[in-house]
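Structure first, then comments.
Model, not experiment: these values are computed from the prediction.
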Amino acid sequence: MRKLIFLCILMLTMTIASKAADVTFKASAPQAVVVGEPFRLSFVVNAEGKDLRVQEMPDFDVLMGPSQSTSYSSSWVNGKSTSETTVTFTYVLMPKKEGTFNIPPATIKVNGANYTSNSLSVKVLPADKAGKQEAETTAASGVVSNDRLFVRMSVSKRSVFEQEGFLVTFKVYSLENFSITGLKYPEFEGFLVQEVELPQQKQLTLENYNGRNYQSAVMRQVILYPQRAGKITIGSGKYDAVVRVRMQQAGGGSIFDSFFDTYRDVNKTLTTDPVTIDVKPLPSGKPASFSGAVGSFSMTADISSDRVKTDEAVTVKVKISGNGNVKLVKNPEVAFPNDFDIYDPKVENDTKTTAAGVTGSKTIEYMAIPRYAGDFEIPAITFSYFDIKSGTYKTLTAGPYKLHVEQGSGGDASAPVVSNFSNKESVKYLGKDIRYLKTKGFSFIEGGNDIFFGSLMYYLCYIVPAILFVAFFIIYRKQVKENADIALVRTRKANKMAVRRLKNAGKLMKENKKEEFYDEVLRALWGYLSDKLSIPQSDLTKDNVEAELARYGVDDSLVKEFMDILNTCEFARYAPSQASDAMDKLYAQTVDAIGKMENTIKK
């Protein structure tokens with residue numbers, strides 16, 4: 001009986017503990033707010049909670065709260081019913097002044113246990129110096145000014161050394177509802193580019209820039225490494241956007257006007273200003289072991305064993321860690337003795353690219369096999385780099401390493417060996433592999449009297465191939481001539497390549513991969529137009545495509561159909577709410593348009 005009671009108590013305790021482990025208590029608020037404007041602070045717990053305790057917030061006025069709301073959800077999965085309760089406590093706060101302020105964590109009780117939320121940091125921005133009048137001007141004219149929607153390219157440094165990384169950020173600022181339909185970033189000629197990983201879903205945050213409070217989002221970030229000294233210019237980027245503008249009703253002023261607002265989409269092209277970077281050459285006095293590493297680095301090295309036998313592998317592992325052009329770091333030299341068989345080093349990179357630069361490590365594993373017994377020394381390993389902070393070259397050293405090699409049991413020290421340069425098990429002795437020529441115990445057999453040379457079959461072996469060659473040359477002469485015209489070949493195969501890409505788009509459509517589907521249809525269309533019109537894709541624009549198709553006599557309605565498909569694809573990539581049947585309709589429209597174009601343009 002006691003055992004039964006003990007088991008019941010134990011199971012009850014475990015159940016309570018498991019439920020307690022699943023409790024989450026989180027605080028949330030906007031990252032940035034405007035001084036004098038209220039905002040919401042929410043505390044959410046996924047259980048029935050009570051006794052909420054919130055610490056003092058001296059930088060904010062509490063206008064309301066806490067107001068409590070409860071929601072319930074249940075699901076039935078694999079015959080099991082699960083339910084969840086979510087309780088939200090909401091405060092309405094008003095910031096008192098500009099600056100960045102912390103909201104301390106709160107506590108709550110759930111099933112007798114205390115839980116603590118996370119703390120928050122809220123940036124309070126100054127009030128917007130412009131306002132309603134400019135928005136009304138936009139509504140009246142339907143023109144979006146450059147200070148209401150623009151893209152800005154910012155660089156972290158304008159003066160750097162060769163191979164010194166710096167951050168380039170592309171950020172969009174807007175006071176309007178917009179979507180980006182086309183992106184063309186600069187080429188970054190003269191730089192090595194490392195992409196910074198950003199979330200696929202762009203989050204708009206409030207940011208004060210030049211006295212205005214914009215909704216902003218980082219579109220792209222890269223770390224650039226200049227490959228030569230001098231002044232290098234990062235060119236302009238071009239971005240196509242669609243802005244939803246509210247149009248004012250004629251003779252407005254009625255209280256009901258806001259119920260009958262009309263909107264229209266306005267196309268706008270955004271550009272970024274070019275930026276010139278002053279790249280300074282690295283100073284003179286480079287150490288002999290310097291191979292272009294720039295940044296801040298450390299180096300460690302170790303040897304697998306200091307006592308081995310002949311024909312056994314010995315490895316030296318070198319690890320270079322730090323911040324800088326880690327991926328471009330060349331392998332330091334490890335000088336093994338002359339009587340060692342040396343293998344190609346094995347290299348592993350473990351790096352991460354963030355806005356702070358490229359950090360991580362490069363591990364190089366050197367392997368060699370000693371062939372003779374004795375005592376050897378592997379000289380010290382040196383690695384030099386240019387330190388940005390101090391502006392000087394620094395040299396790191398590891399070793400030297402003493403190595404004692406004993407004679408192995410597989411043979412004598414003078415036996416020649418061969419290796420396939422993969423691992424030590426593949427080393428074999430030549431004395432066991434060589435097969436000598438046999439000089440005794442064989443006899444010659446006299447052949448027959450048939451002579452092939454000069455016979456009819458002998459001449460036919462020459463005549464028949466010659467006749468076949470002439471025939472094939474005459475038959476395929478035209479095809480060879482046509483194949484020599486690369487532009488003509490691309491034009492004739494344009495439809496085949498487009499059909500192949502559209503098949504891939506069809507698979508993506510069935511898998512409901514919307515973004516990949518629209519990208520593949522875009523590639524099919526641009527590739528088809530490039531092949532059909534013999535224009536490189538890099539030179540294709542909507543304007544010159546329309547002009548070129550008109551020159552070939554393509555009907556205006558068909559040209560418009562192609563342009564509509566291109567615009568739909570570009571817009572749909574940034575509009576995740578597109579329905580699935582829209583992909584079916586677009587796919588059929590694309591196949592039909594390419595078929596019509598094939599019947600119109602014939603070369």
Side-chain angles (χ1 to χ4, degrees), residues 142-146 148-154 168-189 193 195 198-204 214-222 234-245 264-274 498 501 505 508 513-530 533 535-549 559-578 582-583 586-587 589-590 593:
V143 177
V144 181
S145 61
N146 290 334
R148 294 190 66 82
L149 176 63
F150 60 93
V151 176
R152 180 168 169 256
M153 176 177 66
S154 60
V168 179
T169 301
F170 296 89
K171 184 182 286 189
V172 60
Y173 295 81
S174 179
L175 299 174
E176 308 283 353
N177 293 324
F178 74 99
S179 62
I180 300 294
T181 59
L183 300 169
K184 188 176 181 181
Y185 291 104
E187 294 296 333
F188 304 121
E189 185 178 354
V193 183
E195 293 284 344
L198 296 174
Q200 275 193 330
Q201 295 293 333
K202 307 302 183 187
Q203 296 294 330
L204 291 172
Y214 292 92
Q215 292 290 340
S216 66
V218 175
M219 300 165 60
R220 186 186 184 191
Q221 284 187 321
V222 293
I234 303 174
S236 299
K238 181 180 178 182
Y239 317 94
D240 296 324
V242 175
V243 185
R244 177 61 59 90
V245 177
R264 73 183 181 94
D265 291 337
V266 176
N267 294 320
K268 185 174 179 61
T269 299
L270 314 175
T271 58
T272 53
D273 296 329
R501 292 189 177 107
L508 296 170
K513 296 181 178 179
K514 297 182 181 180
E515 186 173 345
E516 292 87 344
F517 166 77
Y518 289 113
D519 284 339
E520 193 65 28
V521 173
L522 268 179
R523 279 195 288 269
L525 285 176
W526 284 118
Y528 174 79
L529 293 171
S530 173
L533 304 177
I535 301 175
Q537 285 197 37
S538 58
D539 297 335
L540 281 178
T541 63
K542 293 178 184 178
D543 294 335
N544 64 13
V545 164
E546 288 188 29
E548 194 70 16
L549 290 177
V559 174
K560 183 178 183 302
E561 188 174 355
F562 258 78
M563 295 300 106
D564 289 343
I565 295 173
L566 290 172
N567 291 331
T568 301
C569 290
E570 292 176 347
F571 182 79
R573 290 187 303 172
Y574 301 93
S577 60
Q578 291 286 325
M583 293 194 294
L586 182 73
Y587 183 81
Q589 187 181 2
T590 305

Kindly give the heavy-atom pair with the smallest separation between K171 and S216, and that separation in Å. CD-CB, 3.9 Å
For atom CG of D564, is the number of surrounding heavy atoms from other residues, nucleotides or ligands below 6.0 Å larger than 12? yes
Can you name the nearest heavy-atom pair linking T169 to Q221, along with the distance? OG1-NE2, 3.1 Å
Non-hydrogen side-chain atoms of M219 and Y239 separated by less than 4.5 Å: yes
In Å, rounded to the nearest 0.5 Å, how long is the span from OH of Y214 to CZ of R152? 11.0 Å
Atom of L149, atom of K268 and distance for their closest heavy-atom approach: O-CE, 3.8 Å
Would you say T272 and Y185 make side-chain contact, with heavy atoms under 4.5 Å? no
Do you know the tightest heavy-atom contact between G235 and P186? O-CG, 3.1 Å
Kindly determine whether M563 and I565 satisfy side-chain contact (heavy atoms from CB on, under 4.5 Å), including the steps that lead there. CA-CA 5 Å; M563 295 300 106; I565 295 173; over 6 Å; no
If we check side chain to side chain contact (heavy atoms under 4.5 Å, CB included) with D240, which of these qualifies: N267, I180, T269, L183? T269
Could you please spell out the steps behind the side-chain contact (heavy atoms from CB on, under 4.5 Å) verdict for V168 and I234? CA-CA 10 Å; V168 179; I234 303 174; 4.3 Å; yes
Student check: side-chain heavy atoms of R220 and V222 closer than 4.5 Å: yes
Shortest non-hydrogen contact between E176 and R244, atoms and distance: OE1-O, 4.5 Å
More than 12 non-hydrogen atoms from neighbouring residues, nucleotides or ligands closer than 6.0 Å to CD on Q203, yes or no? no
Interatomic spacing from CG in L270 to CZ in F170 - rounded to 0.5 Å: 13.0 Å
Side chains of V218 and L198 in contact at under 4.5 Å (non-hydrogen atoms): yes
The test is side-chain contact (heavy atoms from CB on, under 4.5 Å); show your working for E561 and Q589 and say whether it passes. CA-CA 8 Å; E561 188 174 355; Q589 187 181 2; 3.7 Å; yes
Are Y173 and F178 close enough that their ring centers fall under 6.0 Å? no
